[in-house]
Every structure is written in C-alpha cells, then in structure tokens.
Amino acid sequence: MAEDLEVTKEKWQRWIRELTEGDESVIAKLQRAADDCERLRQMQTEAKWGREEGPVAFQRVYTSYWQQEKTALEAMIKNVGKFAEAVQRALDNLEAGDEEAATKLNQEVAGIPSMYMSEEKRRLLDSDFGALPIPPDLFY
C-alpha cells in the first residue's frame, strides 16, 4: 500500500510542476499565447486598415476575435490554476492519510470547466426562450 501511495504522490507532484512551474509549464505557455493575442489585437489600427467602411468593419470583427481569444486563454489559465490547487489539496490530504483523496479530487475537478464559453454565449444558450441566435461576432 505504501508503495502505491508514493507512486500516486509522485504523479500528482509531477502534474503540479508541469502545470505551474517554469517557462515550459502549461500556464506559462497559455500566458504567452494570451500576450500574443493582445499584441495582435493592438496591431489592428486605422493605420493598418484605413477608414473605408469595408475594411473598418472587418477590423472591428478581427479585433474582437483576438480579444475573445485572449479572454478564452485567460480563462484556461484560471482553470489550470484551479486544477493544480485541487491536486495540491488532494496531495496534502493523501499525505495526511486520507484514503479518499483521489475520489475527492475527481469530485472537485468535475466542477472545473474543460472548455471556455463566454458568459454572454452561455446566457444566450441557457435562455428561458431556448437557445437564442448567437451574434456573428461572438465566437465563444
């Protein structure tokens, strides 16, 4: 039993490290992607697109897309952090002798979304009137 416990403990510690520590962690990579989205969003200027109606309309949608991508990545960062914290709590419980640590972990992480959906889109899908039409510029 103690050997199984050490294997589980080592596996959970590795998950936490891979998710949260260093430049190659999941959180660091997601943050770099979010920063890239912000840079791309800021590049969509009048100097690039001009003032004509068609390009300006496209610029608005394209800028909105990069903002929504950034928002989605930031939500993923938050969810990865929540997952890592849940794993750490489970590890602490395991070290305290709680044999139900893995079960509790599974229950806790079941409430962490595995994909991002904006509040606006969630509200539209959960409407009392049934799913409402999704605006064309709302990707998430």
Side-chain angles (χ1 to χ4, degrees):
M1 181 70 171
E3 186 176 312
D4 291 341
L5 184 64
E6 285 304 310
V7 169
T8 301
K9 179 180 172 183
E10 183 179 315
K11 176 176 67 173
W12 288 1
Q13 288 171 330
R14 188 182 74 244
W15 286 351
I16 293 168
R17 284 191 309 273
E18 289 177 2
L19 292 171
T20 64
E21 295 177 12
D23 290 341
E24 293 303 309
S25 70
V26 171
I27 286 178
K29 288 177 181 180
L30 289 170
Q31 187 60 60
R32 284 194 299 272
D35 293 345
D36 288 345
C37 289
E38 178 60 19
R39 275 190 290 285
L40 287 166
R41 188 192 67 75
Q42 289 177 357
M43 292 170 62
Q44 309 314 312
T45 63
E46 183 179 301
K48 179 175 181 174
W49 293 100
R51 295 182 179 168
E52 294 179 28
E53 186 178 327
V56 168
F58 182 79
Q59 174 196 2
R60 275 193 302 275
V61 173
Y62 194 58
T63 301
S64 173
Y65 167 78
W66 287 116
Q67 179 58 51
Q68 291 179 54
E69 284 292 319
K70 178 185 172 199
T71 301
L73 288 163
E74 289 170 341
M76 288 181 227
I77 291 167
K78 184 178 172 183
N79 290 341
V80 169
K82 286 180 183 179
F83 179 79
E85 289 169 4
V87 172
Q88 183 61 57
R89 272 191 298 282
L91 183 55
D92 294 343
N93 291 341
L94 186 65
E95 288 175 344
D98 183 353
E99 293 184 10
E100 298 296 318
T103 301
K104 291 176 184 175
L105 174 62
N106 289 335
Q107 290 170 346
E108 188 172 355
V109 298
I112 299 172
S114 59
M115 64 178 254
Y116 172 76
M117 184 183 300
S118 70
E119 290 303 316
E120 183 178 1
K121 186 166 185 180
R122 187 180 321 279
R123 186 175 35 79
L124 290 169
L125 291 173
D126 293 342
S127 168
D128 291 338
F129 303 105
L132 298 174
I134 304 298
D137 62 341
L138 183 65
F139 299 103
Y140 294 100

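Below, all heavy atoms of this structure are taken into account, side chains as well, without hydrogens, waters or symmetry copies.
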Across all chains, not counting sequence neighbours, the salt bridge (charged side-chain N to carboxylate O under 4.0 Å, His left out) partners of R60 are none
Summary of salt bridge (charged side-chain N to carboxylate O under 4.0 Å, His left out) pairs that have at least one residue in residues 46-55, sequence neighbours excluded: E46-R51
If you look only at pairs with a residue in residues 74-84, which of them pass as a side-chain hydrogen bond (donor to acceptor under 3.5 Å, both in side chains), with sequence neighbours excluded? none
Please enumerate all residues that pass salt bridge (charged side-chain N to carboxylate O under 4.0 Å, His left out) together with E100, with sequence neighbours excluded. none
Residues 16-28, side-chain donor-acceptor partners within the protein, below 3.5 Å, at least two apart:
from, atom 1, to, atom 2, distance (Å)
T20, OG1, I16, O, 2.7
S25, OG, G22, O, 3.0
S25, OG, A28, N, 3.1

Side chain to side chain contact (heavy atoms under 4.5 Å, CB included) with E85: which residues, sequence neighbours excluded? R89
What residues form a salt bridge (charged side-chain N to carboxylate O under 4.0 Å, His left out) with D98, not counting sequence neighbours? K104
Residues 71-100 vs ring pair (Phe, Tyr, Trp, His ring centres under 6.0 Å), sequence neighbours excluded, gives none
Identify, with sequence neighbours excluded, every residue that meets side-chain hydrogen bond (donor to acceptor under 3.5 Å, both in side chains) alongside T103. none
Residues in side chain to side chain contact (heavy atoms under 4.5 Å, CB included) contact with D92, at least two apart in sequence or another chain: Q88, E95
Side chain to side chain contact (heavy atoms under 4.5 Å, CB included) against L40, all qualifying residues, sequence neighbours excluded: M43, W66
What residues, two or more places apart in sequence or in another chain, satisfy side chain to side chain contact (heavy atoms under 4.5 Å, CB included) together with D35? Q31, R39
